[in-house]
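Numbered from 1 within each chain, the chains take letters A, B, ... in sequence-line order.
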2 protein chains.
Amino acid sequence: MASLGELERAVMDLLWAGREAATANTLRDLLAQSTVAQGGAAGHVGKDLAVTTVLTVLSRLEKKGLVERERGMRPHRYQAVSSREDHTAELMHEVLGSAPDREAVLARFIGSVTESEAETLRKLLGHS
Amino acid sequence: MASLGELERAVMDLLWAGREAATANTLRDLLAQSTVAQGGAAGHVGKDLAVTTVLTVLSRLEKKGLVERERGMRPHRYQAVSSREDHTAELMHEVLGSAPDREAVLARFIGSVTESEAETLRKLLGHS
DNA sequence: GTTGCTGTTCTACGCGACGTAGAAAACAGC
DNA sequence: GCTGTTTTCTACGTCGCGTAGAACAGCAAC
């Protein structure tokens with residue numbers, strides 16, 4: 001119950017971006033951002049989607065527990081439940097979790113990580 | 001292009017099991033194992049599937065590059081391309097790869113790993 | 001309070017993935 | 001050549017996702 005479609009991911013990208021700026025996104029905001037992004041480079045939502053399309057996606061994301069919607073305000077506010085980093089890390093744990101031999105997997109995983117990342121990991125695991 | 005369905009996963013489990021035993025699996029073998037597993041505990045393939053069902057799944061797994069089929073022998077031999085551990089590790093990299101801030105994700109990830117696993121990681125990263 | 005705009009819900013269609021399998025073709029042994 | 005086994009081809013139902021229309025609800029101006 002984890003994988004996202006292309007559009008779902010694009011919308012999440014917008015929400016994640018807003019999250020860092022502590023922005024309370026309304027539907028209109030998202031639409032504006034998405035059409036801006038059309039000319040720009042990042043979230044390639046573009047394509048001038050129908051309003052309802054985005055809403056449907058938002059609902060589905062809400063059902064998946066990735067998006068929270070404040071129903072109090074009249075134009076509802078949408079926001080990502082967790083940061084992109086947290087979400088990705090959680091996904092990694094999900095993938096890892098299904099393995100019977102977690103340590104062996106970790107060994108392989110570490111094997112193909114860039115040196116600078118390995119360095120980061122050493123620091124994080126540090127003191128011991 | 002990575003996620004597996006339930007049955008696909010079950011079949012991969014059988015192939016992965018056979019892989020450790022360096023077994024060359026034929027369709028019949030797999031079917032036998034799967035029905036045995038029905039009574040047992042592990043790979044809950046069970047349900048007495050039609051032969052063609054398993055073959056279809058094998059074909060799809062082959063198309064996905066997870067299974068290799070030796071067409072030389074008359075009853076074809078099927079085997080997992082990579083070990084379960086390698087596959088899982090690769091999946092983790094896939095998940096991680098799509099993140100703009102990989103190191104932040106790794107930080108979160110490391111944050112929720114068991115102590116014994118952390119220890120393993122320290123060893124693996126060792127020789128700073 | 002009726003008109004009109006904006007935001008929200010409901011419902012639905014098309015497509016592709018997956019579980020499932022029958023029909024038919026290719027083979028191997030007798 | 002006939003028979004049993006294996007493989008291919010084709011297909012159907014379901015579900016997730018991209019997509020959106022139709023209808024409804026709230027609000028603001030008149």
Side-chain angles (χ1 to χ4, degrees), chain A residues 1-15 18 23-35 37-38 43-79 91 94 98, chain B residues 1-15 24-35 37-38 43-79 91 94 98:
Chain A
M1 232 243 257
S3 77
L4 297 185
E6 196 174 347
L7 180 55
E8 290 176 328
R9 178 158 298 276
V11 169
M12 285 308 295
D13 278 340
L14 292 179
L15 290 175
T23 311
N25 293 290
T26 73
L27 172 61
R28 194 142 290 286
D29 292 340
L30 292 174
L31 280 171
Q33 281 181 265
S34 75
T35 32
Q38 191 173 13
H44 50 71
V45 181
K47 288 197 297 186
D48 234 342
L49 295 170
V51 201
T52 49
T53 299
V54 180
L55 268 174
T56 303
V57 168
L58 282 170
S59 294
R60 288 178 182 163
L61 288 172
E62 192 188 9
K63 190 179 303 176
K64 292 188 194 180
L66 295 182
V67 164
E68 211 169 20
R69 164 186 342 213
E70 290 190 47
R71 285 193 151 80
M73 341 241 73
R74 187 41 190 160
H76 295 179
R77 302 303 149 88
Y78 303 88
Q79 57 187 331
L91 264 192
E94 249 173 62
S98 66
Chain B
M1 234 243 255
S3 76
L4 298 185
E6 196 175 345
L7 179 54
E8 291 177 326
R9 178 158 298 276
V11 169
M12 284 309 295
D13 277 342
L14 292 180
L15 289 175
N25 293 291
T26 73
L27 172 62
R28 194 144 290 288
D29 292 340
L30 291 174
L31 280 172
Q33 283 180 262
S34 76
T35 33
Q38 191 174 14
H44 50 73
V45 181
K47 286 197 296 187
D48 232 341
L49 295 171
V51 201
T52 50
T53 300
V54 179
L55 267 174
T56 303
V57 168
L58 282 169
S59 295
R60 287 177 184 163
L61 288 172
E62 192 188 11
K63 192 180 302 175
K64 292 188 193 180
L66 295 182
V67 164
E68 211 168 19
R69 165 188 337 214
E70 290 190 48
R71 286 193 150 78
M73 340 242 71
R74 186 41 188 164
H76 295 180
R77 304 301 150 89
Y78 303 88
Q79 58 187 330
L91 264 192
E94 250 173 63
S98 67

request  = Could you run through nucleotides 24-30 of chain D and give me one letter per nucleotide, 5' to 3': B if any protein heavy atom sits under 4.0 Å from the base, S if only the sugar-phosphate is that close, - if neither?
outcome  = --S----
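Here C:dG7 presents its C1' atom at 15 Å from CG of A:N25, a figure rounded to the nearest Å. If you take CD of B:E6 and C1' of C:dA17, they are 15 Å apart, rounded to a whole angstrom. The CG atom of B:D29 sits 15 Å away from the P atom of D:dT5 (whole-angstrom rounding). Distance A:L7 CG to C:dG16 P: 17 Å, rounded to the nearest Å. For the pair B:R9 CZ and C:dC18 P, the interatomic distance rounds to 11 Å; values are reported in whole Å.
Atom-to-atom distance recorded for A:R9:CZ and A:L14:CG is 12.5 Å, nearest 0.5 angstrom. Going from atom CG of B:L58 over to atom NE2 of B:H76 covers 11.5 Å, rounded to the nearest 0.5 Å.
Taking 4.5 Å as the limit, every side-chain heavy atom of B:R77 sits out of range of all side-chain heavy atoms of B:N25. You'll find the side chain of A:L49 stays beyond 4.5 Å of the side chain of A:V57, heavy atoms only. At least one side-chain heavy atom of B:S59 sits under 4.5 Å from a side-chain heavy atom of B:R69. Taking 4.5 Å as the limit, some side-chain heavy atom of B:L61 sits within range of a side-chain heavy atom of B:E8. You'll find the side chain of A:T26 stays beyond 4.5 Å of the side chain of A:M73, heavy atoms only.
Under 4.0 angstrom from either OP1 or OP2 of D:dT7 there lies at least one side-chain N or O belonging to B:H76. Within the structure, every side-chain polar atom (N or O) of B:T53 is placed at least 4.0 Å from both OP1 and OP2 of C:dG19. Contact annotation: B:R28 reaches the phosphate of D:dT6 (side-chain N/O to OP1 or OP2, under 4.0 Å). For C:dG7, neither phosphate oxygen OP1 nor OP2 lies less than 4.0 angstrom from any side-chain nitrogen or oxygen of A:Y78.
Both B:R77 and A:L4 lie near DNA chain D, and the one whose nearest nucleotide falls closer to the 5' end is B:R77.
Closest approach to the B:T56 side chain among D:dG18, C:dC18, C:dA21 is made by C:dA21 (side chain taken as heavy atoms from C-beta onward). Which of D:dA20, D:dT8, C:dA12 sits closest to the side chain of A:R60 comes down to C:dA12.
Residue side chain B:S3 does not reach the base of C:dA17 through any donor-acceptor N/O pair under 3.5 Å, judged by distance alone. Judged by atom type and distance alone, A:T52 does not reach the base of D:dA22 through any side-chain donor-acceptor pair under 3.5 Å.
The two atoms that bring A:L15 and A:Y78 nearest to each other are CD2-O, 3.7 Å, heavy atoms only.
Less than 4.0 Å separates DNA chain C from at least one heavy atom of each of the following residues of residues 64-73 of chain B: B:K64.
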